[in-house]
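A short worksheet on the structure shown next.
What you see below is based on every heavy atom in this structure, not just the backbone, and it leaves out hydrogens, waters and symmetry mates.
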Amino acid sequence: MIHWPWQDKNDVKPDACSFEEQGAAPLKNTDGWGRFTTDTEMLALCRSIDNLVPAHAPRVIQFIGIKGKEGVSTVVRELAVAATRMLKKRVLILDAAHHAPSQHAHFGLEEPYGWIEAIADGKPVTRACYPVEAEEQSLHLAPIAPNASLPHWCADGATLAPLFRGLKESFDLVLIDSAPALLSADTLATSRFCDGVILVFAAEGSWRLADAAKMRIAEHGGAILGVVFNKRTFHIPECIYKRLY
């Protein structure tokens with residue numbers, strides 16, 4: 001479930017979402033309702049980003065959780081796959097979750113050369129971008145490092161501004177998988193160099209902590225595009241919930 005700022009205004013509406021528009025490819029893996037629902041929500045998320053960020057421009061979108069365990073990595077991964085397969089975008093997942101990097105393990109990259117290592121060695125970051133969808137060759141992953149206990153890295157303008165400029169030349173969409181806002185100063189420092197921030201919030205989590213994370217992101221110059229409510233719990237069967245609401 002996704003909430004966007006325009007939903008609070010009656011005079012601003014998003015464009016209609018259609019699987020057939022703008023050359024969208026047909027959905028895959030629609031044999032189960034859960035898979036179909038995920039694909040539908042990810043396509044809606046792609047369209048919402050298109051509405052909020054200037055059209056036809058390469059963009060860098062940062063996904064940030066509150067204090068961990070909100071499922072940020074999964075949301076980023078599902079969105080990247082949907083944008084690649086259904087919308088035919090060239091997508092890069094930039095794993096910046098230094099507290100617990102996991103994208104390289106999910107995609108089966110063993111001991112990969114990380115993008116932080118590339119920066120330290122004075123090499124292009126594209127040296128650390130790996131294709132991870134063999135049949136498409138348009139979804140790439142830039143792992144941060146194979147070790148989960150990576151210390152904080154220095155997120156400053158001298159590093160991030162040229163980094164993101166270079167990535168925009170190679171990819172239509174760069175999705176940053178970040179460490180939690182309340183645990184990482186580097187995550188907050190990165191936010192002002194991105195085209196937008198999407199806050200990932202566990203649906204039954206603490207709104208007080210969510211407000212604190214929102215304030216800290218804003219204080220660091222990040223532009224919050226909206227919130228993804230993840231890990232919904234249906235206290236009645238989902239099919240009945242959909243009929244009622």
Side-chain angles (χ1 to χ4, degrees), residues 1-4 27-49 59-87 89 91-109 112 114-115 129-133 136 138-146 148 150 171 173-184 187 190-191 194 196-206 209-210 213 217 224-234 238:
M1 182 178 180
I2 308 158
H3 179 81
W4 303 98
L27 291 171
K28 294 184 179 181
N29 302 323
T30 55
D31 51 327
W33 176 254
R35 180 70 258 174
F36 177 82
T37 300
T38 299
D39 287 340
T40 302
E41 290 180 346
M42 290 301 106
L43 183 58
L45 179 53
C46 287
R47 297 304 193 203
S48 296
I49 291 173
R59 62 210 58 172
V60 176
I61 307 297
Q62 184 181 19
F63 287 75
I64 305 177
I66 311 300
K67 59 186 182 71
K69 305 298 183 181
E70 289 93 1
V72 174
S73 296
T74 300
V75 171
V76 169
R77 191 162 54 243
E78 293 285 356
L79 177 60
V81 171
T84 301
R85 292 183 174 176
M86 292 188 280
L87 301 180
K89 293 180 181 288
V91 182
L92 173 69
I93 299 174
L94 184 74
D95 193 348
H98 58 77
H99 69 305
S102 61
Q103 300 289 5
H104 67 282
H106 177 86
F107 288 109
L109 297 179
W115 60 270
C129 296
Y130 301 85
V132 293
E133 288 288 318
E136 305 265 354
S138 56
L139 174 58
H140 287 69
L141 168 66
I144 188 169
L150 188 72
F171 300 96
L173 189 61
V174 178
L175 306 178
I176 304 177
D177 179 5
S178 299
L182 300 183
L183 299 181
S184 172
T187 289
T190 301
S191 63
C194 301
V197 173
I198 295 177
L199 199 60
V200 181
F201 177 55
E204 297 188 5
S206 168
L209 293 179
I217 292 170
I224 298 180
L225 302 179
V227 178
V228 171
F229 294 100
N230 199 22
K231 298 187 176 182
R232 288 181 296 171
T233 299
F234 295 97
E238 185 175 356

**OP:** Side-chain contact test, heavy atoms from C-beta onward, threshold under 4.5 Å: evaluate it for Asp95 versus Pro101 and give yes or no.
**Re:** yes
**OP:** Please find out if less than 6.0 Å separates the ring center of Tyr130 from that of His140.
**Re:** no
Subject >> Sole candidate of Ile66, Val228, Val72 that passes side-chain contact (heavy atoms from CB on, under 4.5 Å) when paired with Leu199 >> reply: Ile66
**OP:** Look up atom OG in Ser48 and atom CD1 in Ile198, then write down how far apart they are to the nearest 0.5 Å.
**Re:** 8.5 Å
Original post:
Counting distance only, does the side-chain N/O of Trp115 pair as donor-acceptor with the main-chain N or O of Ala96 below 3.5 Å?
Top reply: no
Original post:
What's the verdict on side-chain contact (heavy atoms from CB on, under 4.5 Å) for Ile176 and Ile64, showing C-alpha distance, side-chain angles and the deciding distance?
Top reply: CA-CA 8 Å; Ile176 304 177; Ile64 305 177; over 6 Å; no
Original post:
Going from NE2 on His106 to OG1 on Thr74, what distance comes out if it is rounded to the nearest 0.5 angstrom?
Top reply: 8.0 Å
Original post:
Within a strict 4.5 Å, meaning less than it, do heavy atoms of the Leu79 and Cys46 side chains meet?
Top reply: yes
Subject >> Close side-chain approach of Arg59 to Ile49, heavy-atom, < 4.5 Å >> reply: yes
Subject >> Leu175 vs Leu94 side-chain heavy atoms within contact, under 4.5 Å >> reply: no
Original post:
At what distance, to the nearest 0.5 angstrom, does NZ of Lys67 lie from CZ of Phe201?
Top reply: 10.0 Å
Original post:
Got Ser178 and Thr190 here, is their nearest side-chain heavy-atom distance under 4.5 Å?
Top reply: no
Original post:
To the nearest 0.5 Å, what is the distance between CZ (Phe171) and SG (Cys129)?
Top reply: 4.5 Å
**OP:** To the nearest 0.5 Å, tell me how far Ser184 OG sits from His98 NE2.
**Re:** 3.0 Å
Original post:
Going through the distances and angles, do Val197 and Ile61 end up as a side-chain contact (heavy atoms from CB on, under 4.5 Å)?
Top reply: CA-CA 6 Å; Val197 173; Ile61 307 297; over 6 Å; no
Original post:
Can you tell if the side chain of Leu87 reaches within under 4.5 Å of the side chain of Leu173, non-hydrogen atoms only?
Top reply: no
Subject >> Qualifying residues under side chain to side chain donor-acceptor pair (under 3.5 Å), relative to Asp177, sequence neighbours excluded >> reply: Ser73, Gln103
Original post:
Does Phe63 have any ring pair (Phe, Tyr, Trp, His ring centres under 6.0 Å) partners at least two apart in sequence or in another chain, and if so, which?
Top reply: none
Original post:
Under 3.5 Å, is there a donor-acceptor pair linking the side chains of Ser191 and Gln62?
Top reply: no
**OP:** Give, for atom CD1 of Ile93 and atom OG1 of Thr84, the distance between the pair rounded to the nearest 0.5 Å.
**Re:** 7.5 Å
